[in-house]
Amino acid sequence: MSKYETNFTSKFFAKRAFSFWKARVALYALLKALGVGQGDEVILPGYTCVMDVNPIKYLDANPVYVDIEPKTFNMNIELLEEKISPKTKVIIAQHTYGYACDMDAILEIAGNHNVVVIEDCCLALGSTYKGKLAGTFGRAAYFSFQWNKPYTTGLGGMAVCNDEKLAEAIDRLCENDMVSPSFKEVAMLAAQLMVYRTFIYPGTTALAQTLFRWLTKKGAVVGSSSTCEFEPVMADDFFKRMSCVQAKSGIRQLKKLDKNIIHRKEMAKLYDELLSGKDWIPRQYDSAVQDPVMVRYPVRITEKEKALEEAASAGIELGSWFECPLHPIETPMQMYGYEVGMCPEAEKAAREVVNLPLHPRAGKKTVKRTVKFISQFEQA
Ligand SMILES: Cc1ncc(COP(=O)(O)O)c(C=O)c1O
């Protein structure tokens, strides 16, 4: 294991960690190593990023979507069991925005049907459920270090597991099939990380995102997703390893993780207080069961489009994900087996939810400014 992988295992009590170019690559490795293949079914919430669905399709398996429950945006456990069929191989427990899933219920249902559980911790680094870290419940878990994630190495993903057999299968895959990122990709990513550290603050984020998307389309930067990833066709160089630039940055970020987590919790509490003061309903979760480390603070509003437009010109950092059940709106959802109406709560959340910043650069002043801005709108 690399130094970054070793350091990661000790934070997450895992025997093995495997680093990749992106989290979607980590999920692909896990599914492939578990033997998921043609006609198998993989269950996940219908409120996710399409990049999480691609690895399922690349393996000729079929995604099966479960609607969410409206408070934590996680898979609605009441609807899970009816989605299980003899073809179900895996349930992906996605801890959305940082709220941990009801792991007891998921593990029980999965156990009854002999189905593997993988945890998607891309939005929940450090969250706990019944005092135990998200990422330590399933057969395996994976994490993302893309720009919007709990900490960033530009792009990056990690899979962790305690299962020797699964680890051996991933080792074999990596030895046989994995490719390295090109020199150009790594150099561009290193430059982007430098720009990010120097220039990206809450007030400049909206502008930077617009510029970044435009530059991605022109091929001038390493984008989080390329155009070909909005269709379920795997690129030749998809199965890519993590570069040294990402790993070095990850080692540094991991050292700052405890501080990052404290900051996120404090800022989320401040949002709770300030929003309550404006007569908004703040976060709703069972604090006796979970202690979330939120990646962003989700709120529902009636005029999402208007708020996003005004926020961009006012220099307020509002996130719009998830914009549709399989984010982003460019996704041709039918190609991924999603029909409109399949997950009504997820579709409603996609129309209503904007998310507010909690990252280490968003301090009390940003939180207060963001609440002042958002509370001009009506809560949905
Ligand atoms: C919940 C979730 N899982 C997985 C991913 C994929 O992460 P990555 O961009 O590192 O491949 C995303 C993407 O943003 C995501 O939102």
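Predicted, not measured: the structure shown is a model, and the values here were computed from it. The residues of the chain are indexed from 1 along the displayed sequence. All ligand and atom numbering here is 1-based and tracks the order in the structure.
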If hydrogens are left out, which of [options] has an atom nearest to [atom], that is, the closest non-hydrogen atom?
{"atom": "atom 2 (C) of ligand 1", "options": "Leu155, Asp120, Asn148", "answer": "Asp120"}
{"atom": "atom 9 (O) of ligand 1", "options": "Lys149, His327, Arg24, Met51", "answer": "Arg24"}
{"atom": "atom 7 (O) of ligand 1", "options": "Pro55, Gly157, Ala23", "answer": "Ala23"}

Q.
Within the 3.5 Å criterion, strictly below it, is a donor on Tyr297 or Asp272 matched to an acceptor on the partner's side chain?
A.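 The answer is yes; a qualifying pair exists.
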
Q: Count the heavy atoms belonging to other residues, nucleotides or ligands that lie under 6.0 Å from NZ of Lys364, then report whether that count exceeds 12.
A: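 Result for NZ/Lys364: open.
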
Q) Quick one: which ligand 1 atoms are inside 4.0 Å of a heavy atom on Gly156? A)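 Within the 4.0 Å cut-off of Gly156, ligand 1 contributes 10 (O).
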
Q. With atoms numbered from 1 as shown, which atoms in ligand 1 lie under 4.0 angstrom from a non-hydrogen atom of Ser144?
A.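 Counting atoms of ligand 1 from 1, those under 4.0 Å from Ser144 are 7 (O), 8 (P), 10 (O).
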
Q: Report whether Tyr99 and Val295 are members of the same hydrophobic cluster (ILVMFWY, side-chain heavy atoms less than 4.5 Å apart, transitive linking).
A: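 Same hydrophobic cluster.
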
Q: Identify whether NZ of Lys or CZ of Arg in Arg296 sits under 6.0 Å from the centre of the six-membered ring of Phe73 and within 45° of that ring's axis.
A: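 No; the conditions do not both hold, so Arg296 does not lie above the ring face of Phe73.
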
Q: Among all protein heavy atoms, pick out the one at the shortest distance from atom 15 (C) of ligand 1; state its residue, atom name and that distance to 0.1 Å.
A: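 Protein heavy atom at minimum distance: Cys49 CB, 3.7 Å.
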
Q: Starting from atom 4 (C) of ligand 1, find the nearest protein heavy-atom neighbour and note its residue, name and distance.
A: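 Answer for atom 4 (C) of ligand 1: Asp52 OD1, 3.2 Å.
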
Q. Does Ser225 come within less than 4.0 angstrom of ligand 1, counting non-hydrogen atoms of the residue?
A.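 Contact absent.
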
Please set out all donor-acceptor pairs under 3.5 angstrom arising from side-chain atoms of residues 157-167, sequence neighbours excluded.
| unit_1 | atom_1 | unit_2 | atom_2 | d |
| --- | --- | --- | --- | --- |
| Asn162 | OD1 | Lys15 | N | 2.6 |
| Asp163 | OD1 | Lys165 | N | 3.0 |
| Asp163 | OD1 | Leu166 | N | 3.0 |

(Q) Show me the pairs that pass side chain to side chain donor-acceptor pair (under 3.5 Å) and involve residues 327-346, at least two apart or across chains. (A)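 Sorted result for residues 327-346: Asn54-Tyr336, Gln334-Glu339, Tyr338-Glu347.
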
